[in-house]
Amino acid sequence: MSLLANLNPEQLAAVTLPNQSALILAGAGSGKTRVLTTRIAWLIQTGNVSPAGVLAVTFTNKAAKEMLTRISAMLPISTRGMWVGTFHGLCNRLLRAHFRDAGLPQLFQILDSADQLSLVKRVLKGMNVDEDRFPPKQVQHYINANKEEGRRASEAEAYDEFSRRYAEIYAAYDEQCQREGVVDFAELLLRSFELLSKNEILREHYRARFHHILVDEFQDTNRLQYRWLKLLTGPGSVIFAVGDDAQSIYAFRGANVGNMADFERDFHVENVIRLEQNYRSHGNILDAANALISNNRKRLGKNLWTAAGHGEPLRIYEAQTDGYEAHWLAEEVEALNRDGLARREIGVLYRSNAQSRILEHALFSAGIPYRVYGGLRFFERMEVKHALAYLRLIASSEDDSAFLRVVNFPARGIGARSLEALQEAARAGNTSLYNAVPQLGGKAGNALGAFVAMIATLRKEAEGLALPEIVEHMLAKSGLLAHFQAEKDGADRLENLQELVNAAALFVQEQEEPVAQQELTAFLAHAALEAGEHQAGEGSDALQLMTVHSAKGLEFQAVFVTGLEEGLFPHEQSRNEDDGLEEERRLMYVAITRARSRLYLSFAQNRMLHGQTRYNVASRFLDEIPAGLVKWLTPRLGSQPLPQPVLASARDAAIPKALPRATQMGWRIGQNVVHAKFGQGVIVDTEGQGPDARLQINFGRQGMKWLALEYAKLSAA
DNA sequence: TGAGGGATGGGACCA
DNA sequence: CCATCCCTCA
């Protein structure tokens, strides 16, 4: 059977497993997606299941699309009827189909996290809550964390005045969502979980339907997602879970690796298959990754190997400053480029977004095209959000969030006072802001009345119009176009608004069957669930810049991992978290395994961060890579400051101004020292004079210490 | 209403 | 250093 050709024995075993739940531990680059999609195709081709009996779930839209593309390529059937999508996408589908049973309006809207935050702020104001004691961002996190544990406000911990207040806010927030007919991301999951758990008929229906449930990136599932999967699995269904505990890097957003162990137990998994043959990287790179990750105590255990050769050693570069690091990187990229390696085949990775600035500066000066991943995406842009708010209001009068967003944008002279009166009227009449407008008199009533009349007209005129025309019409009549035309830097925004019309047209075109009057709502859901790629320039040959997190799942011929310094990578904050350092190490593991044949690891002795120069020691992760696998591009002086590299233009380099000043009894900032107990460190700051003098020293993994000069036994390194 | 000053704080991500 | 928020003032 051609489907199974070229699979290795473990992959073959995984693809053709009998009908039992199974866990596939798939190492980086081991053909995880291939196994998952081939499994689906094989199940269908052998008549084990019909397409309608398959549910496959992922985390990102990109992964879901990739999955569908691959399945279509393998099977000559339509993928319609198959449920393939993200957790949120599938929950949305479920809730749309059973909105009544779920207690939702038919046209419920989806809030993205920015929408959610502004709703939280509004609720806090309405309750007269002190925003210093209850910061909106924290409240938002509290609500989401509870929902992701499956807890409603009534079940939230309330053991003192403070936590009771939190629970009250949570309750008020949920009530407001219900009133407005809006649903946040976590709510999509929780609501559909509750729907299935309370409604036996529905639950049994779906359990009988989905015989095969397949889960991608299983290590990233949170508790609620796990329970959701469990609920959906009937006696005649099995789960095929694919994941890699070593690539679990999302604990901070609720991912629970423990789900892998729970899964083995709860589903009596007899088959744990390890995919350890790596088809991506050379041996030295894999050996480095294996050695690094072996420092983690919590592991399910796996060793990547390759049939390819050892390849080159890993290259380590030590720079004096972040500026020199960036400059070196640019030159190296140019050299690789001259040797025939395309720029798009080179990935530049960093731990935090703030690092991209100096890299961009150096690349820009060198004239190297690059593309930065991350940042604002299309549907999150301010002008697009405004346009979407008008569309939401056209779709539903209950949507107070949308109302408040655009009631005075473009400016119509409706200020805070008018809105306060309106909110009071709405509360009294127990109705939405939109519907409360007729109760208001006076000047405020007139301005608001005109706004409501405009929306009503738009709604009426929208009947019978195609979606793109509705959008176009709204842009003109709302005054959005005029507003940005008048703005001096509004050209980009106008372009984005035009792009929104195109997006609507494309959306209509991609619909398999027309959904007529619900098309607008479907489009709005699409906008919330799929915020869209943020930039053009996909096709051009540009260097790829991104955080290590967003590099997960990608691969490059050559990879630069920059900023390998204690405090940055591993990140300072990870010290205070359970399992923090291990997660950082897994992140480093992800970074290393992105490279096919060449891997650069670089760090800087001092770096500008938050406006001041910081003196760091090399990341412990560098020490965890066996010396035999690496080649130092800079002399391995270890502790000595490097000689100043000669640069064509000095302005490209951030040379620390603090360096020449602040010397203290023979010690100076930036100097490397050795302490009897703490080992090697760097002097970061000094304080006091004479016998009281103290030095602040960064001892890397031993932490930052203030030491009294008189007592500390320091020697120059 | 909006421009501008001053304080503040700063990890990573997707839906 | 930088972006963001809040407040003040014209």
Distance alone, cut at 3.5 Å: any donor-acceptor contact between the side chains of A/Tyr390 and A/Arg392? no
State, with a plain yes or no, whether a side-chain heavy atom of A/Leu363 is found less than 4.5 Å away from one of A/Leu543. yes
With heavy-atom distances below 4.5 Å as the criterion, would you say the side chains of A/Asn606 and A/Asn616 are in contact? no
Have a look at A/Phe185 and say if it touches a base, only the backbone sugar-phosphate, or nothing, with a 4.0 Å heavy-atom cut-off. base
Is the CZ atom of A/Arg151 crowded by more than 12 outside heavy atoms at less than 6.0 Å? yes
Within 45° of the axis and under 6.0 Å from the centre of the six-membered ring of A/Phe378, does NZ or CZ of A/Arg381 qualify? no
Does A/Ser550 place a side-chain N or O at less than 4.0 Å from the phosphate oxygens OP1/OP2 of B/dA12? no
Between atom CH2 in A/Trp228 and atom P in B/dA15, what is the gap in whole Å? 16 Å
Taking NZ, NE, NH1 and NH2 as the nitrogens, is one of them in A/Lys147 or A/Asp184 under 4.0 Å from a carboxylate oxygen of the other? yes
Are the side chains of A/Gln355 and A/Arg607 in contact, using a 4.5 Å heavy-atom criterion? yes
Roughly how far, to the nearest 0.5 Å, is the CG atom of A/Asp220 from the CD1 atom of A/Ile249? 7.0 Å
Looking at A/Asn353, I'd like to know whether one of its side-chain N or O atoms comes within less than 4.0 Å of OP1 or OP2 on B/dC13. yes
Where along residues 408-419 of chain A does a heavy atom fall under 4.0 Å from DNA chain B? A/Asn408, A/Ala411, A/Gly413, A/Ile414, A/Gly415
Return the polar atom pairs (N/O with N/O) between nucleotides 1-7 of chain C and the protein under 3.5 Å, or none.
from  : atom 1 : to       : atom 2 : distance (Å)
C/dC1 : N4     : A/His610 : O      : 3.4

Side chain to side chain donor-acceptor pair (under 3.5 Å), that's the test. Do A/Gln116 and A/Tyr173 meet it? Break it down for me. CA-CA 10 Å; A/Gln116 183 188 32; A/Tyr173 166 83; 3.3 Å; yes
Could you go over nucleotides 7-9 of chain B and give all protein N or O partners under 3.5 Å, atom names and distances?
none

At 4.0 Å (heavy atoms only), tell me whether A/Glu584 reaches a base, stays on the sugar-phosphate, or touches nothing. base
Note: for A/His483 and A/His571 on DNA chain B, the residue whose nearest nucleotide lies more 5' is A/His483
Can you tell if the side chain of A/Tyr170 reaches within under 4.5 Å of the side chain of A/Val139, non-hydrogen atoms only? no
For nucleotides 8-10 of chain C, print each protein N/O atom paired with a nucleotide N/O atom at under 3.5 Å, atom names and distance only.
none

Can you check whether A/His386 and A/Phe484 have ring centres sitting under 6.0 Å from each other? no
Atom CG of A/Leu189 and atom C1' of B/dC14: how far apart are they, to the nearest Å? 12 Å
Do the two ring centres, one from A/Phe108 and one from A/Phe99, sit under 6.0 Å apart? no
Does the ring of A/Phe252 meet both stacking tests against the six-membered base ring of B/dA12: centre distance under 5.5 Å and plane angle under 30°? yes
Are the aromatic rings of A/Phe364 and A/Tyr370 close, with centres under 6.0 Å apart? no
Going by ring-ring contact (aromatic ring centres under 6.0 Å, His included), name the residues that satisfy it together with A/His549, two or more places apart in sequence or in a different chain. A/Tyr250, A/Phe252
Expressed in angstrom and rounded to an integer, what is the separation of A/Leu587 atom CG from B/dA12 atom C1'? 7 Å
Is any side-chain heavy atom of A/Glu217 closer than 4.5 Å to one of A/Lys32? yes
Using a heavy-atom cut-off of under 4.0 Å over every strand shown, decide if A/Asp112 touches base, sugar-phosphate, or nothing. nothing
Does this structure show an ion pair linking A/Asp174 with A/Arg191, if we count only N-O contacts that are shorter than 4.0 Å? no
Please list every stem that involves DNA chain B, where a stem is a run of 3 or more consecutive Watson-Crick or G-U wobble pairs with both pairing distances under 3.5 Å. B:1-10 with C:1-10
